[in-house]
Amino acid sequence: MAVKKQDPSNFIEHVINKDLEENKNDGRVHTRFPPEPNGYIHIGHAKSICLNFGIAENYQGLCNLRFDDTNPSKEDVEYVDSIKEDVRWLGYDWDDRLYYASDYFDRLYDYAGQLIRKGLAYVDDLSPDEIREYRGTLTEPGKESPYRSRSAEENALLFEKMKAGEYKDGSKVLRAKIDMASGNLNMRDPVLYRIQRGTHHRSGDKWCIYPMYDFAHPISDALEGITHSICTLEFEDHRPLYNWIVENIDIEGDSRPKQIEFARLNLSHTVMSKRKLRQLVEEGHVRGWNDPRMPTVSGLRRRGYTPESVKDFCERIGVAKGNSMVDLALLEHCIRQDLNNNAPRVMTVLRPLKIVFENYPEGQVEMLEAENNPEKPETGSRQIPFSKEIYIEKDDFLEEPPKKFFRLAPGREVRLKHAYIIKCKEVIKDEQTGEILELRCTYDPETKSGTNATVRKVKGTLHWVSASHAIDAEVRLYNHLFVKENPEEQGADFKDNLNPDSLEILPACKVESSLKKAAVSSRYQFLRKGYFCVDPDTTEEKLVFNRIVSLKDTWAKLQKNK
RNA sequence: UGGGGUGUAGCCAAGCGGUAAGGCACUGGGUUUUGGUCCCAGCAUGCGUAGGUUCAAAUCCUGCCACCUCAGCCA
């Protein structure tokens with residue numbers, strides 16, 4: 001028995017509360033997530049998954065996973081496997097309620113027979129082109145097919161022969177007999193079954209006729225006892241048809257599922273249709289469905305997003321009926337918040353610049369204590385080596401520092417995180433190119449972190465790694481996949497807006513040695529840089545990191561606004 | 001031009017006749033050995049628009065405007 005929610009958080013929960021008050025569905029709440037296995041799911045699907053499974057959780061109801069696999073020409077087990085993995089990764093469980101529309105093919109066929117006997121469906125011999133012509137237009141009514149008035153007996157026989165494979169693909173269809181003059185085109189005798197030979201990923205070659213979505217979906221819902229069938233806005237004008245099917249078919253039990261539509265998710269700086277995502281994959285603009293730049297669930301996972309952050313995002317964006325475009329910055333906020341609390345900190349240098357300490361003894365190494373996560377003191381600390389030669393970040397040094405630049409410059413002092421205050425004495429350059437090769441600095445032994453002498457304040461603190469102890473790594477920086485907020489605006493080819501700098505590979509980074517055995521998929525905060533995740537491309541010889549998201553950077557913002 | 005929807009801040013989004021929640025973004029300030037985090041403050045005399053009803057309207061009524069969506073034997 002479902003429990004009414006006290007604080008309905010969107011219009012769908014209001015509807016459900018009302019149904020519960022009115023004692024509909026014996027007090028049950030039962031939803032379903034019904035993907036077609038014809039591609040990898042993306043964050044828009046995640047919104048639907050969180051909605052459907054979330055409602056089941058909120059109301060102590062149930063949510064099924066059902067594959068809507070009524071079109072063998074487009075579907076494949078590869079996709080059903082990936083979808084199951086992705087739903088599980090998000091943290092949802094369908095228990096024993098994994099269904100396939102194809103499981104219902106026999107019953108669907110029988111229900112079609114029921115409609116035929118009631119005189120509510122007929123076999124039509126019109127060609128696809130003719131059906132389109134007869135359908136009329138948005139403003140003019142359609143006209144009835146000459147085959148519309150066949151007897152129930154004849155229709156039953158014809159439909160049986162369709163099933164038996166006696167007709168060519170596309171030569172006949174089964175249509176509902178509704179209203180060719182309806183203002184809603186979906187009600188102008190919609191096609192219920194088509195002849196389409198092709199091996200189905202589950203039923204094999206058993207069938208040569210397949211039910212259409214509009215016929216299979218409401219019946220599947222009813223058979224599973226779904227109470228609230230949640231779908232996206234473009235199905236709004238299919239609702240009368242959905243109801244027509246449910247009302248004209250005698251389903252065992254008394255289930256009257258209700259279709260409710262909400263607005264699909266649009267995210268800025270990316271695209272969200274399977275067709276376009278497929279195009280990016282097939283034309284090689286990305287490295288696959290799980291490329292870390294893709295908004296697919298598998299892409300987000302490889303990028304390093306946590307399921308918690310994705311679910312948090314789905315909750316924050318809300319559920320409504322107005323088309324909207326959510327700012328990618330909100331997704332980034334969600335993962336930053338999660339990882340700020342949970343990711344261990346490490347020091348890495350992405351673009352190394354060497355520093356030699358003139359006053360540090362040759363060959364000496366000392367171990368310094370570094371906290372693992374200031375947000376979680378209980379995670380303790382580790383020891384990191386300090387020595388005569390270290391690397392700092394190239395852009396943490398400027399020969400001619402502008403105002404408000406708090407980092408290193410000739411004659412200036414900064415603190416090295418967890419270590420000492422240092423001073424820049426000399427800049428060594430390539431005589432030919434003028435390129436800065438290394439810095440000569442001194443360190444102040446009185447200023448070791450954690451000692452009393454640390455009362456001395458300097459404006460800037462830099463991260464660093466000991467040159468001889470650091471290990472090499474490749475770091476992949478990701479930026480927006482598209483340069484425009486809405487890549488598909490005004491009919492422009494979305495691919496023209498692809499960001500040429502969406503992937504930046506830094507092959508020669510220096511990372512602290514504690515990362516040596518970092519497990520694939522583990523996440524870290526690279527101090528002052530961002531959150532990073534070990535990519536599966538990592539091998540014994542080569543560490544590879546993905547940047548999940550940068551840290552907020554007010555200095556960079558200042559520069560940009562100038 | 002027919003049917004179905006939607007208009008609340010730069011972006012999402014609550015609100016359901018009693019005088020505009022919250023989040024993101026943005027802007028100031030404080031703390032800080034991460035220019036991170038955290039904290040504080042600011043950010044719609046206004047709810048597409050014009051009328052009407054009411055003591056009282058984002059909420060109810062009427063007209064208008066804008067945008068989305070539908071003419072697959074896809075889902």
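Order of the sequence lines sets the chain letters (A, B, ...), proteins ahead of strands, with each chain counted from 1.
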Report task. Respond yes when some side-chain nitrogen or oxygen of R132(A) is under 4.0 Å from OP1 or OP2 of rG72(B), and no when none is. Result -> yes
Report summary line: Considering only heavy side-chain atoms of D237(A), the closest of rA71(B), rG36(B), rG3(B) is rG3(B)
Report summary line: note: I131(A), atom CD1; rC74(B), atom P; distance rounded to Å ~ 11 Å
Query raised in the report: Is any side-chain nitrogen or oxygen of R135(A) closer than 4.0 Å to OP1 or OP2 of rC73(B)?
Result: yes
Query - Residue matched to rG46(B) through Watson-Crick or wobble contacts both under 3.5 angstrom - result: none
Query raised in the report: With rounding to whole Å, what would you report as the distance between rG4(B) and rU62(B) at their P atoms?
Result: 15 Å
Query raised in the report: How about Y210(A) and F105(A): are their ring centroids closer than 6.0 Å?
Result: yes
Report task. Tell me what I421(A) touches on the nucleic acid: a base, only sugar-phosphate, or nothing, going by heavy atoms under 4.0 Å. Result -> nothing
Query raised in the report: How far does the P atom of rG46(B) sit from the matching atom of rC64(B), given to the nearest Å?
Result: 26 Å
Report task. Looking at every strand, decide which applies to M325(A) at a 4.0 Å heavy-atom threshold: base, sugar-phosphate, or nothing. Result -> sugar-phosphate
Query raised in the report: R407(A) near the nucleic acid: base, sugar-phosphate alone, or nothing, with a heavy-atom cut-off under 4.0 Å?
Result: base
Query - Rounded C1' spacing from rA13(B) to rA25(B) in Å - result: 14 Å
Query - Aromatic contact, H238(A) with Y242(A) (centres under 6.0 Å) - result: no
Report task. May I ask you to verify if any side-chain N or O of R194(A) is less than 4.0 angstrom from the OP1 or OP2 atom of rC74(B)? Result -> yes
All N/O contacts under 3.5 Å from nucleotides 6-9 of chain B to the protein, with atom names and distances to one decimal?
none

Query raised in the report: Given the P atoms of rG48(B) and rC11(B), what is the spacing between them in whole Å?
Result: 14 Å
Query raised in the report: What is the distance, rounded to the nearest whole Å, between atom CZ of F406(A) and atom C1' of rU32(B)?
Result: 13 Å
Report summary line: Per-nucleotide protein contact along nucleotides 23-30 of chain B, 5' to 3', at a 4.0 Å heavy-atom cut-off (B base, S sugar-phosphate only, - neither), is SS-SS---
Query raised in the report: Looking across every strand, which nucleic acid part, if any, lies under 4.0 Å from P141(A) by heavy atom: base, sugar-phosphate, or nothing?
Result: nothing
Report task. Could you tell me whether F526(A) contacts a base, only the sugar-phosphate backbone, or nothing, with contacts defined as non-hydrogen atoms closer than 4.0 Å? Result -> nothing
Report task. Under a 3.5 Å limit for both distances, which nucleotide forms a Watson-Crick or G-U wobble pair with rU59(B), could you say? Result -> none
Query raised in the report: What's the closest nucleotide to the T70(A) side chain, out of rG35(B), rA75(B), rG72(B)?
Result: rA75(B)
Report task. Scan Q196(A) against the nucleic acid and name what it touches under 4.0 Å (heavy atoms): base, sugar-phosphate only, or nothing. Result -> sugar-phosphate
Requested in this report: For residues Y122(A) and Y147(A), establish whether the separation of their ring centroids is below 6.0 Å.
Outcome: no
Query raised in the report: OP1 or OP2 of rU34(B) less than 4.0 angstrom from a side-chain nitrogen or oxygen of H418(A), does that happen here?
Result: no
Query raised in the report: Less than 3.5 Å between a donor and an acceptor, one on the side chain of R239(A) and one on the base of rG4(B), is that the case here?
Result: no
Requested in this report: Just call it for V319(A): base, sugar-phosphate, or nothing, with non-hydrogen atoms closer than 4.0 Å on any strand.
Outcome: sugar-phosphate
Query raised in the report: Counting any heavy atom closer than 4.0 Å, what does V173(A) reach on the DNA or RNA strands: base, sugar-phosphate only, or nothing?
Result: base
Query raised in the report: How far does the P atom of rG22(B) sit from the matching atom of rU31(B), given to the nearest Å?
Result: 27 Å
Query raised in the report: If anything within 90° of 0 is syn and all else is anti, what is rG72(B)?
Result: syn
Requested in this report: Looking at every strand, decide which applies to H14(A) at a 4.0 Å heavy-atom threshold: base, sugar-phosphate, or nothing.
Outcome: base
Query raised in the report: When all nucleic acid strands are considered with a 4.0 Å heavy-atom cut-off, which category describes I317(A): base, sugar-phosphate, or nothing?
Result: sugar-phosphate
Query raised in the report: For W555(A) and rG35(B), are the ring centres under 5.5 Å apart with planes inclined under 30°?
Result: yes
Query raised in the report: Within the structure shown, what part of the strands sits under 4.0 Å from L328(A) by heavy-atom distance: base, sugar-phosphate, or nothing?
Result: nothing
Query raised in the report: Are R32(A) and E224(A) ion-paired here, with the side-chain N under 4.0 Å from a carboxylate O?
Result: no
Report task. Please report, rounded to the nearest Å, how far the C1' atom of rC73(B) is from the NZ atom of K74(A). Result -> 12 Å
Query raised in the report: What nucleic acid atoms does Y210(A) come within less than 4.0 Å of, heavy atoms only: base, sugar-phosphate, or nothing?
Result: nothing
Query raised in the report: Under 6.0 Å between the ring centres of F532(A) and F545(A)?
Result: no
Query raised in the report: When you compare rU19(B) with rU54(B), how far apart are their C1' atoms, in angstrom units rounded to a whole number?
Result: 14 Å
Query raised in the report: Between P211(A) and G136(A), which is nearer to the 5' end of RNA chain B once each is assigned its nearest nucleotide?
Result: G136(A)
Query raised in the report: Partner of rG10(B) by Watson-Crick or G-U wobble geometry, both contacts under 3.5 Å, or none?
Result: rC24(B)
Query raised in the report: Does K457(A) put a side-chain nitrogen or oxygen below 4.0 Å from OP1 or OP2 of rU33(B)?
Result: yes
**Report entry** Euclidean distance for P, rG23(B) against rC40(B) (whole angstrom)
**Finding:** 11 Å
Query raised in the report: Between Y420(A) and F386(A), does the ring centroid distance fall short of 6.0 Å?
Result: yes
Report task. Report yes or no: is there a donor-acceptor pair, N or O only, under 3.5 Å between the side chain of T461(A) and the base of rU34(B)? Result -> no
Report summary line: note: D179(A), atom CG; rG2(B), atom P; distance rounded to Å ~ 17 Å
Query raised in the report: Is it true that F262(A) and F11(A) have ring centroids separated by less than 6.0 Å?
Result: no
Requested in this report: Would you tell me if any nitrogen or oxygen in the side chain of S182(A) comes within less than 4.0 Å of OP1 or OP2 on rG3(B)?
Outcome: no
**Report entry** Distance, rounded to the nearest Å, where H238(A) contributes NE2 and rG5(B) contributes P
**Finding:** 14 Å
Query raised in the report: At under 4.0 Å between heavy atoms, what does T554(A) touch on the DNA or RNA strands: base, sugar-phosphate, or nothing?
Result: sugar-phosphate
Query raised in the report: Using atom C1' of each nucleotide, how far apart are rC55(B) and rA44(B) to the nearest Å?
Result: 26 Å
Requested in this report: Let me know, please, whether P374(A) or N10(A) comes out on the 5' side of the other along RNA chain B by nearest nucleotide.
Outcome: N10(A)
